[in-house]
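In what follows, chains are A, B, ... by sequence order, proteins preceding strands, each numbered from 1. As a basis for the values below, the full set of heavy atoms in this structure was taken, side chains included, without hydrogen atoms, waters or symmetry mates.
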Amino acid sequence: MTRVTVEVPGPLVLVEDLGRPGHAHLGVAGSGALDRSALALANRLVGNPDGAAGLEILMGGFRARFDEETWIAITGAWGRVVVDGRPVAPYAAARVTAGAVLEIGPAERGARYVLAVRGGIDEPMELGSRSRDTLAAFGPAPVAAGRVLEIGPVPAASVPLLDREAAFPPPAGAVTLALLPGPRADWFTDAAHTALFDAAWRFSEQADRVGARLLGPALERRVPGELASEATVPGSIQVAGDGRPTILLADRPVTGGYPVIAIVAPASLDAVAQLRPGQEVRFRHAHPA
Amino acid sequence: MSRRLLPSGDAALLVECDTLDEVLALHDALAADAPAGLVELVPAARTILVAVDPERLPLESAATWVRRIPAEAAARRAGHVADEVTVDVVYDGDDLRGAAGHLGVSPEALAARHQAAEWRVAFIGFAPGFGYLVSDDWPFEVPRLDAPRSRVPAGAVALAGAFAGVYPRQSPGGWRLIGRTDAVLWDPAADSPTLFVPGRRVRFRAVDRP
């Protein structure tokens, strides 16, 4: 059984797969990798099924040692990655030898690296998933220094021989996200809707796997009063009493009591995982399906 | 019965009712007639989120299903008999006396009414497995604490508004505590991770020790 010893985890390292949909009625969010396409890509690069568990590594500063030869791939955030001192290309499968040391430097673009290891991280499943839910506090514990992670059996699929595909780092400048209408769009004034789409929003420091607060104009309500808590989907933009919007993410509370003005379209949601504090965010209308 | 369909992304819609009773009836009717491709139903106080796998159940089809389903008195419909669980309670909560006093009954009478009522899990909120329980047999409304406790132990049996509940894990909380149980409300490693599931019936039974 291959093992990975995480020697230096950096600010936050979590085991995540594609989550546990279908349990919201029990109060359990879907959770799972925040950048789902990055996890699926990293897995494909090493021949894993898309939903194998990997590591979600916030901002880098990570070091790990492999006890056996295997294949790895790193996607998502973009920065200096080396194995035994030799640079590793982003978004590509890399072979590591027994005893090799992987170092992932500070993210220069994006916020979350995803590391896939051939065979997947083999932590115990809870509710059908190996994902850490940071709000409900279950699933594999955050990875601390010295943690030894077991790697699952080698999958049937071989490591695909791909020509180097064009790989683009997460953008450093303004990011435009597509929005679908929210259930409580009519609770907001026309001016609020105009502001939502016209303003240059800033991604705030108050951003984690539960939700991400945006800095910008206050969004004014047309309907006053309280909303009875109701279930939300990932990407829902709820607006608190002070008019400030928050994008609810994978580990959000299953129900929320603030009205949802709009919903970040699924195709744009992975980009939210890679936003950094201070980065500019703009919204556009999603094209109808 | 009114039901409004509100957009909630490209794989869900939010159905809004006027009352919790309508939510409960509609939830039972939908749950008893779930089409292939329905991912889940998430009831709340006035709404039900209907989440689908759009490749198997297009959102338009789900909307038609929700609009057309009959839900008058559906809660008691034959063929959908909800299961029941019994929760053993020691009625010694810190707020039992105060809550009873607020309602103008004795602590013993409040505990007796809590046991006599047939409760139903209306929805889960606040935390995994935290069921909001309602009962037609429960006439009381209890205000929340003005200042929530920073630490409520797991298994605390509590009241707030017209709801009864049990804290699945230690957490902060503003409900009034009337007792405690050692029933396991939340176990993510179990096949059925929560004791309380929307629609399930619940009885409370007094015991001398948990």
Side-chain angles (χ1 to χ4, degrees), chain A residues 20-31 124-129 131-133 135-140 178-187 226-237 248 253-257 259-269 286-289, chain B residues 4-17 19-20 23 27 31 38-51 53-54 58-60 121 123-132 161 168-171 185-200:
Chain A
R20 46 179 74 81
H23 297 93
H25 64 295
L26 304 178
V28 176
S31 193
M125 286 212 195
E126 290 190 319
L127 277 69
S129 166
S131 290
R132 176 64 176 181
D133 183 325
L135 183 70
F138 76 103
L179 296 186
L180 297 163
R184 303 297 173 183
D186 62 348
W187 281 46
E226 282 195 38
L227 178 71
S229 287
E230 57 195 26
T232 60
V233 298
S236 293
I237 301 180
L248 299 176
V254 165
T255 59
V260 170
I261 186 172
I263 295 171
V264 177
S268 284
L269 201 51
H287 302 297
Chain B
R4 288 170 295 281
L5 273 53
L6 308 172
S8 194
D10 57 6
L13 50 90
L14 192 67
V15 188
E16 185 177 39
C17 300
T19 66
L20 177 57
V23 169
H27 175 265
L38 177 72
V39 174
E40 68 183 329
L41 298 171
V42 191
R46 292 291 179 273
T47 56
I48 301 172
L49 185 82
V50 177
D53 173 354
L59 213 43
E60 297 76 17
V121 182
F123 53 89
I124 306 289
F126 177 51
F130 193 111
Y132 281 61
R169 292 191 291 178
Q170 183 190 304
S171 70
L185 277 286
W186 165 242
D187 178 3
D191 287 340
S192 302
T194 65
L195 182 63
F196 291 166
V197 176
R200 187 167 278 177

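- The OG1 atom of Thr194(B) lies 7.0 Å from the NE2 atom of His25(A); values are rounded to the nearest 0.5 Å.
- In this structure, chain B has no heavy atom under 4.5 Å from any part of Pro253(A).
- Among the candidates Pro266(A), Ser236(A), Pro21(A), Gly235(A), the residue making the largest number of heavy-atom pairs closer than 4.5 Å to chain B is Pro266(A).
- Nearest heavy atoms, Ala228(A) versus Ala45(B): CB-CB, 3.9 Å.
- The two atoms that bring Thr47(B) and Ala231(A) nearest to each other are OG1-N, 4.5 Å, heavy atoms only.
- Closest approach of Leu26(A) to Phe196(B), counting heavy atoms only: CD2-O, 4.2 Å.
- For Arg4(B), no part lies near chain A; criterion is any non-hydrogen pair under 4.5 Å.
- Judged by distance alone, with hydrogens and angles left aside, the side-chain atoms of Glu230(A) form no donor-acceptor pair with the main-chain N or O of Ala44(B) at under 3.5 Å.
- In this structure, CZ on Arg184(A) lies 6.0 Å from CG on Leu14(B), to the nearest 0.5 angstrom.
- In terms of the side-chain contact (heavy atoms from CB on, under 4.5 Å) criterion, residue partners of Ser229(A) (sequence neighbours excluded) are, by chain and number, Thr255(A).
- Nearest heavy atoms, Ala12(B) versus Val233(A): CB-CG1, 3.9 Å.
- With a 4.5 angstrom heavy-atom cutoff, Ala137(A) touches chain B via backbone and side-chain atoms both.
- Ranked by non-hydrogen atom pairs under 4.5 Å with chain A, the options Val197(B), Asp10(B), Val39(B) are led by Asp10(B).
- To the nearest 0.5 Å, atoms CG (Asp191(B)) and CG (Leu127(A)) are separated by 9.5 Å.
- Under the side-chain contact (heavy atoms from CB on, under 4.5 Å) criterion, Val254(A) pairs with Ala24(A), Ala29(A), Val42(B), not counting sequence neighbours.
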